**Q** 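There's a structure below that I have some questions on.
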Amino acid sequence: MSDKLFQSESNRVKPSEQYITTSKEVLHELVHATSGVDGVLLASTDGFEVSSIFQKDYDGGKLSAVGSSILALVQALTNEAQLTGCRSVILDAQDGKIMISSVPNKNQPMIVIVVTKQQVLLGQIMHGMNKAINKLIELDQQYHSK
């Protein structure tokens with residue numbers, strides 16, 4: 001049996017180290033400037049974790065993969081409903097909320113996943129998340145310009 005069957009070569013383009021480091025600062029600001037956030041994660045659109053800050057024990061790899069799939073499904077659903085520009089989805093659970101939003105970077109599109117406590121002000125979370133997304137878009141232009 002060939003070992004080649006079990007080897008995986010990824011053609012995935014990884015973000016630059018400067019982008020990853022600076023994006024972590026953006027996530028840190030979101031977590032600490034917005035009350036009720038338990039964690040925030042930046043992932044590639046194909047479901048790989050780029051950076052994260054968690055105040056609880058979460059599996060960033062699994063959150064990235066599932067979050068990416070959920071946003072893709074919601075985007076397909078909105079297309080079927082003849083809606084355009086699906087940017088985010090909010091999941092409301094008994095003991096918290098999850099917000100998944102696209103980060104429409106020109107060079108490397110990504111997603112942000114924010115996990116919150118149940119009792120949060122959604123407007124405040126959305127404002128903080130949008131502010132972080134705008135900074136991430138600026139970083140993409142700064143570090144990934146071709």
Side-chain angles (χ1 to χ4, degrees), residues 6 8-146:
F6 300 101
S8 172
E9 290 191 27
S10 175
N11 293 330
R12 189 171 84 81
V13 177
K14 295 182 182 178
S16 69
E17 285 302 317
Q18 298 99 334
Y19 183 88
I20 293 171
T21 301
T22 313
S23 70
K24 189 119 179 161
E25 294 170 11
V26 172
L27 300 184
H28 184 271
E29 183 179 331
L30 174 60
V31 168
H32 296 288
T34 312
S35 65
V37 174
D38 285 335
V40 63
L41 169 107
L42 179 64
S44 61
T45 54
D46 56 352
F48 290 94
E49 180 178 358
V50 174
S51 59
S52 62
I53 296 180
F54 298 131
Q55 303 204 41
K56 288 187 173 183
D57 188 25
Y58 295 117
D59 183 333
K62 288 181 182 176
L63 282 174
S64 298
V66 175
S68 173
S69 297
I70 288 172
L71 190 59
L73 287 170
V74 170
Q75 288 172 336
L77 177 64
T78 56
N79 286 340
E80 287 301 317
Q82 299 175 2
L83 300 173
T84 56
C86 174
R87 296 177 299 225
S88 63
V89 62
I90 301 170
L91 305 170
D92 185 15
Q94 185 173 343
D95 51 352
K97 297 177 186 352
I98 299 174
M99 298 178 72
I100 307 168
S101 183
S102 62
V103 181
N105 288 339
K106 181 180 178 185
N107 300 296
Q108 291 184 312
M110 297 191 186
I111 64 169
V112 168
I113 301 171
V114 179
V115 182
T116 73
K117 297 176 179 8
Q118 178 58 34
Q119 301 299 319
V120 293
L121 298 172
L122 282 177
Q124 183 181 22
I125 301 292
M126 290 178 74
H127 175 73
M129 188 170 67
N130 287 332
K131 192 172 159 184
I133 287 170
N134 288 334
K135 287 181 183 176
L136 292 168
I137 292 169
E138 289 174 19
L139 292 176
D140 178 67
Q141 292 170 350
Q142 182 179 349
Y143 293 119
H144 299 125
S145 296
K146 294 181 179 174

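For clarity, every value in this text was computed on a predicted model and none was experimentally measured.
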**Q** Identify the two heavy atoms, one from Gln108 and one from Pro15, that lie closest to each other, and give their separation to 0.1 Å.
**A**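 Of all heavy-atom pairs spanning Gln108 and Pro15, the closest is OE1-CA, 3.3 Å.
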**Q** In terms of side-chain geometry, is the basic nitrogen of Lys117 or Asp38 positioned less than 4.0 Å from the acidic oxygen of its partner?
**A**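 A salt bridge links Lys117 with Asp38.
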**Q** Quick one: closest heavy-atom pair of Gln94 and Gln118, and the distance?
**A**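 In terms of heavy atoms, the two residues are closest at O-OE1, 3.6 Å.
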**Q** Mind checking whether Gln142 and Gln18 have side chains closer than 4.5 Å, heavy atoms only?
**A**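 Gln142 vs Gln18: side chains apart.
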**Q** Applying salt bridge (charged side-chain N to carboxylate O under 4.0 Å, His left out), can you list everything that pairs with Lys24, at least two apart in sequence or on another chain?
**A**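 So Lys24 forms no salt bridge (charged side-chain N to carboxylate O under 4.0 Å, His left out) with any residue.
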**Q** Are any of the side-chain nitrogens in Lys135 or Glu25 under 4.0 Å away from the carboxylate oxygens of its partner?
**A**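 Answer for the salt bridge query: no.
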**Q** Considering all heavy atoms of both residues, which atom of Ser23 and which atom of Leu139 are nearest to each other, and what is their separation?
**A**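 It is N-CD1, 3.9 Å.
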**Q** Applying side-chain contact (heavy atoms from CB on, under 4.5 Å), run through Ser64 and Phe48 and close with a yes or a no.
**A** CA-CA 6 Å; Ser64 298; Phe48 290 94; 5.8 Å; no
**Q** Students often mix this up, so state it plainly: with edges at 30° and 60°, are the rings of His28 and His32 parallel, tilted or perpendicular?
**A**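 Rings of His28 and His32: tilted, 30 to 60°.
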**Q** Between the main-chain N or O of Lys106 and the side-chain N or O of Asp140, is there a donor-acceptor pair closer than 3.5 Å?
**A**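 Indeed, once roles are kept as given, a pair shorter than 3.5 Å links the two residues.
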**Q** Minimum heavy-atom separation for Leu71 and Cys86, please, with both atom names.
**A**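 Closest approach of Leu71 to Cys86, heavy atoms only: CD1-SG, 4.5 Å.
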**Q** Between Leu136 and Leu42, is a side-chain contact (heavy atoms from CB on, under 4.5 Å) present by the stated rule, with each step listed?
**A** CA-CA 10 Å; Leu136 292 168; Leu42 179 64; 3.9 Å; yes
**Q** Any side-chain donor paired with an acceptor under 3.5 Å for Ser68 and Thr45?
**A**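 There is no such pair (donor and acceptor under 3.5 Å, judged by atom type) between the side chains of Ser68 and Thr45.
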**Q** Under the criterion side chain to side chain contact (heavy atoms under 4.5 Å, CB included), which of Ile113, Leu63, Val114 is the partner of Ile100?
**A**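 It is Ile113; the other options fail the test.
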**Q** What are the two closest heavy atoms between Met129 and Leu30, and how far apart are they?
**A**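 Looks like N-CD1, 3.7 Å.
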**Q** At their closest point, which heavy atom of Ile133 faces which heavy atom of Pro104, and how far apart are they?
**A**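 Smallest heavy-atom distance, with atoms named: CG2-CD, 4.2 Å.
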**Q** Stepwise, does the side-chain contact (heavy atoms from CB on, under 4.5 Å) test hold for Leu122 with Lys97?
**A** CA-CA 9 Å; Leu122 282 177; Lys97 297 177 186 352; 3.6 Å; yes
**Q** Just wondering, do Leu27 and Ser51 contact through their side chains at under 4.5 Å, heavy atoms?
**A**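 Yes - at least one pair of side-chain heavy atoms lies under 4.5 Å apart.
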**Q** Does a side-chain heavy-atom distance below 4.5 Å link Ser35 with Gln124?
**A**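 The answer is yes; the side chains approach within 4.5 Å.
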**Q** Do Val112 and Leu41 touch side chain to side chain, with heavy atoms closer than 4.5 Å?
**A**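 Side chain of Val112 against side chain of Leu41, heavy atoms only: no contact under 4.5 Å found.
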**Q** So Val115 and Val40, side-chain contact (heavy atoms from CB on, under 4.5 Å) or not? Walk me through it.
**A** CA-CA 6 Å; Val115 182; Val40 63; over 6 Å; no
**Q** Hey, is the main chain of Arg87 close enough, under 3.5 Å, to the side chain of Ser101 for a donor-acceptor pair?
**A**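 The answer is yes, because a donor-acceptor pair under 3.5 Å joins these two groups.
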**Q** Is it true that the side chains of Asn105 and Tyr19 contain a donor and an acceptor less than 3.5 Å apart?
**A**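 Yes, Tyr19 and Asn105 have a side-chain donor paired with an acceptor closer than 3.5 Å.
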**Q** Among all residues two or more places apart in sequence or in another chain, which pass the side-chain contact (heavy atoms from CB on, under 4.5 Å) test with Glu138?
**A**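 side-chain contact (heavy atoms from CB on, under 4.5 Å) list for Glu138, sorted by chain: empty.
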